[in-house]
Amino acid sequence: MKTNRINRLREQSLSAINALSAERAELVTEFYRDMIEISDTVPLQRAKSFYHVMNRKTICINDGELIVGERGPAPKATPTYPEICLHTLEDLEVLHSRQKVNFKVSEEMRQIYEASIIPFWTGKTNRDRVMSALPNDWKDAYSAGIFTEFMEQRAPGHTVAGQKLYQTGMNDLITACKKKQKDLNSASPDYIEMYGQLEAMKTSAKAIVRFAERHAIALMAMADTELDAVRKEELMAMAKICQRVPANAPQTFHEALQHYWFIHVGVITEVNPWDSFNPGRLDQNLWPYFSADLVQGTLTIQQATELLQCFWIKFNNHPSPPKVGITAQESSTYTDFSLINLGGLTPEGNDGTNDLTYLILSVIKEMRLLQPSSMVQVSHKNPDKLILDTLDILKTGFGQPSVFNTDAIIKELMNQGKSRVDATNGGASGCVEAGAFGTEAYFLTGYFNLPKIVEITLNNGFDPVQGKMLGMQSGDPLQFKTMDDFRAAFVKQLNHFVEIKLRGNDIIEKVFMDYMPTPFLSLFIEDCIENAKDYGRGGARYNTSYIQGVGIGTVTDCFSAIKYHVFDKQSVTMHKLLHSLHENFNGQGQLQAILIYQTPKYGNDLSYADVEAKFVFDAFFAAVDGHITPRGAVTHVDMLPTTCHIYFGKVLGATPDGRIAGMPVSEGISPAQGADTQGPSAVIKSALSFDHLKTGGTLLNQKFTPGYFSHPKADESVKDLIRTYFSNYGHHIQLNVVNADTLRKAQKNPELYRDLIVRVAGYSDYFNDLGESLQEEIILRTEHESI
Amino acid sequence: MHGIVFDIKRFSIHDGPGVRTTVFFKGCPLSCIWCHNPESQSKSPVTITESYGVNGTNYSMPKTYGVLYEPEALMKEILKDKDLMTQSGGGVTFSGGEPLLQHAFLLEMLERCQSAGIHTVVDTSGFCKRQSLMDAAKNTDLFLYDIKLADRAKHIEFTNTSNEPIFKNLKALRSAQKPVWLRIPLIPGINSSVEMQLENIRVLSDLDSKCYPVFLLPFNRAGFHKYKNLQMKNMLIDVMPLSSGEMEAICNLYITHGFNATIGSI
């Protein structure tokens, strides 16, 4: 049950308007214009700028809340980061008025930007440095939509708190920095740099303590004038907590939540990291405080629930920082991907679920907020209850929590060279990305458009959408004699563009290393202090970079269509195929229907198609994996899309799988929209056609209708599906319970929804296989069932 | 040796315990007027023209119902979900059509499945040779046994076959002490009346079938659109399913007579 307080705060969060705030931009500009000391190292300049913001920004304490700290002056008032990416007045207008994911921009903010922010930062931002360093072939490929770039408008992040963050106060960290400074060898050529880095980290630690102190002062002042005796006491208790944490390690459940939250706000204020920050294994990390408080009688379950609910609202108050251009298209969402991990294993490798796991699941179910994102880690050692309780939430149509395979994550991380303990303490962040929590800096660098490589291969290096020679000459497809000829040409183009992307990654990373260190974040990721090295410069124990492959379903279907129709059956000539692609299937509907309906496709457990998925994955893996970046990180692959499959489809012409120009490509490792017709057990088999353990994460979406779950065996069957997928080392599955709106779309475009299974009357069937009147009946029923 | 299969449905939760792969054999001695798989009735493959929608335009392409399978090839399809079957306590269900109509092929498949450690279910109308049924029983873990109408004349009228062998075979399975689940479709206006169901109850009681769980299957209109493509006449096109209240009343009838009855199939 939600208390009145929670209902109010939740309502405030839901109704708060996403708006931009100029406050941070003004403070940072003020610092760099008037206060900067040129003799300071870059990290110390960054730390002092951070201190200035935390010392001066508005303190916002919302009515009734128990956890305090807002990044902006009000809920959902979102700062900008002009030193990283400067928005023009036109950008501000776009952000203000676009239909999706908009941020209101006041007239006052526009004036501030025009008068001081834009004049000061033009030509001096990190983005300017990045862009001037990148070669033309990178820019051409980027504009054509071959790949995207995560660090063009945002700083690297994607890092998660480990248990140690909760066990350490800022005073402890400052002491550790001081000790390290003393131990440094002054004869080392890196001495000045290392010393300066530690100095910057100390300053950053003091900045967050200052921020907490300011809250304590504000809370005391509020307590003084508060008439309600209960709230007065709360405010005084909260003030006391803000005096203790994060300066000192938390000792209670409430302190632990507040401690993390201050650090979270710090991380997302220092820069605009992608993704925000993440409290990690929440049920594990909070368990010591939760259980001790319960035993001592200082905390009740009701109080713990309310505190967690307050904590949830804080996340929801913090939309992802504003994104424009291609960055906005690849991640068109307010979500800032703070992915709460539950379940999994203890550091010793035992079942990690506890009472708090299930309490947090109930909080997720009741709060139904976009943020934070949530997931459960499922190992073969975890009980079925973990999955079944999760299904209880999912079948209400709420797309969370997603379900992850702990056993796969541990193997993936160990394959990358992590120790068993560090791997076991890991999980997933962002969408699906595996990481060693508290010890790894893993940067996602951008999405890679695999289907676009098919298009460029079929045009011998030419991009028909841009009307421009983009790739290399890999051979005239009309001269291809066998499928192997096509495959070889594809690999040539793939390697060519991956090479361009990797070179760009190195350049961008170096710019961030030199100009955009994050001394505050470095405090929390081991072993940055021990190495006296920034998080962004390779200071973490593990350093990893990723390129995320998109469209494996679509690209597999393209391969299969060419193999089946052109080379094996020889029912369609390459010339005819290329011509109809060029014409976007205009007047070629029959051929398009054959390509859609009569091609063996990915998602149906057909080895004819699935061997091509493996071929493409292995080629992508071979091109990317193992590249060492300037900071010493090793590059790996991920297979996930966020919303990039929409953007990648927009820049892609018609494809041999029957998809017309501009339509989305497949998302994650899911089959192309509607391509799978053999049910979810066939989907997971296709998804397992390549080795997930070579990746840092894969994303599989599986649709069900709400009605499916009315069958008494439905929950068990889905649980068994998950167990089966995971025992074969599938990485992740997201269950998507579809609503009537989707069914309407399926009725209109059946070719895109061939995978849609609906419950009919005591049994299930494919929606497409039903007569129109029955479809109508089910739509009406689904509308009725949906909440 | 080969069999003719008109569909294979994976991830089925309606045809026996756990999660199952259901193999639909083509050919059926019955032609129930409510049949929602009319394409399954004839034994040989049929090719009909179906329309496929692309961007709002329909394109006609031939579609063949009925694929010839060697036992080896069909095993390969069944084994695809072996892990899931093991995990869920599921297995394979041979349905139809009437699987016992292709009894030699069925026996071969049952034997292969059992030696591969796969739980086997046979979903039968019961209209088959006694010996075929008893041979199949050796390698069948569970029968889903469909009972339509106890009334002899009505059975002939609506299914084109006598129900005599059906009840005799059920008795034989009882003597052989084989696990059976009874499945009774409730067709409005055909067997949905209290009198009709009391007649079912009486005959089933006489056959000492109270030990079998009874699943009352709601009438469903799925598959009715296929009649047109097959140029078959659908007599029940305007019939609507029973209300849940009516279903429950019939269910209670069975329960008060000592049956373990539920609505819907598992």
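Naming: A, B, ... by sequence-line order, numbering from 1 per chain.
- For chain A, the nearby part of B/Val19 is the side chain; its heavy atoms alone come within less than 4.5 Å.
- Surrounding NZ of A/Lys614 are at most 12 heavy atoms belonging to other residues, nucleotides or ligands under 6.0 Å away.
- The structure places CG of A/Leu721 at 11.0 Å from CD1 of B/Ile13, a figure rounded to the nearest 0.5 Å.
- For a residue to count as touching a neighbouring chain, one of its non-hydrogen atoms must lie under 4.5 Å from one of that chain's; by this rule A/Ile660 touches chain B with the side chain only.
- Using a 4.5 Å cut-off between heavy atoms, B/Pro185 does not touch chain A at all.
- Contact annotation for B/Thr57: neither backbone nor side-chain heavy atoms come within less than 4.5 Å of a heavy atom of chain A.
- A/His711 contributes a side-chain N or O that, together with a main-chain N or O of B/Ser265, makes up a donor-acceptor pair within less than 3.5 Å.
- Looking at B/Phe224, neither its backbone nor its side chain comes within 4.5 Å of chain A, counting heavy atoms on both sides.
- Residue A/Met663 places its CE atom among 12 or fewer non-hydrogen atoms of other residues, nucleotides or ligands, all under 6.0 Å distant.
- Among B/Asp81, B/Thr21, B/Asp83, the one residue that satisfies the side-chain contact (heavy atoms from CB on, under 4.5 Å) test with A/Ser681 is B/Asp81.
- Other residues, nucleotides and ligands place more than 12 heavy atoms under 6.0 Å from the CE atom of B/Met61.
- Of the inter-residue distances, the one linking B/Glu77 atom CD with A/Gln678 atom CD reads 8.0 Å to the nearest 0.5 angstrom.
- Ring planes of A/Tyr708 and B/Phe11: parallel class, angle under 30° (limits at 30 and 60°).
- Here B/Lys63 contributes atom NZ and A/Tyr597 contributes atom OH; the two are 10.5 Å apart, rounded to the nearest 0.5 Å.
- Put simply, the side chain of A/Glu751 gets close to the backbone of B/Asn55: a donor and an acceptor are under 3.5 Å apart.
- The structure places CZ of B/Arg10 at 4.0 Å from CG of A/Asp605, a figure rounded to the nearest 0.5 Å.
- Scored by the ring-ring contact (aromatic ring centres under 6.0 Å, His included) test, B/Tyr59 finds no partners at all (sequence neighbours excluded).
- With hydrogens and angles disregarded, a donor-acceptor distance shorter than 3.5 Å links the side chain of A/Lys685 to the backbone of B/Lys80.
- Heavy atoms of B/Leu217 lying under 4.5 Å from chain A are absent altogether.
- In this structure, the portion of B/Ile8 lying under 4.5 Å from any heavy atom of chain A is its backbone and not its side chain.
- With rounding to the nearest 0.5 angstrom, the OG atom of A/Ser727 is 9.5 Å from the CG atom of B/Leu84.
- Of the listed residues (A/Lys719, A/Glu716, A/Gln592, A/Lys748), the greatest number of heavy-atom pairs within a distance under 4.5 Å of chain B belongs to A/Gln592.
- Only the backbone of A/Asn604 comes within contact range of chain B, with at least one heavy atom under 4.5 Å from a heavy atom of that chain.
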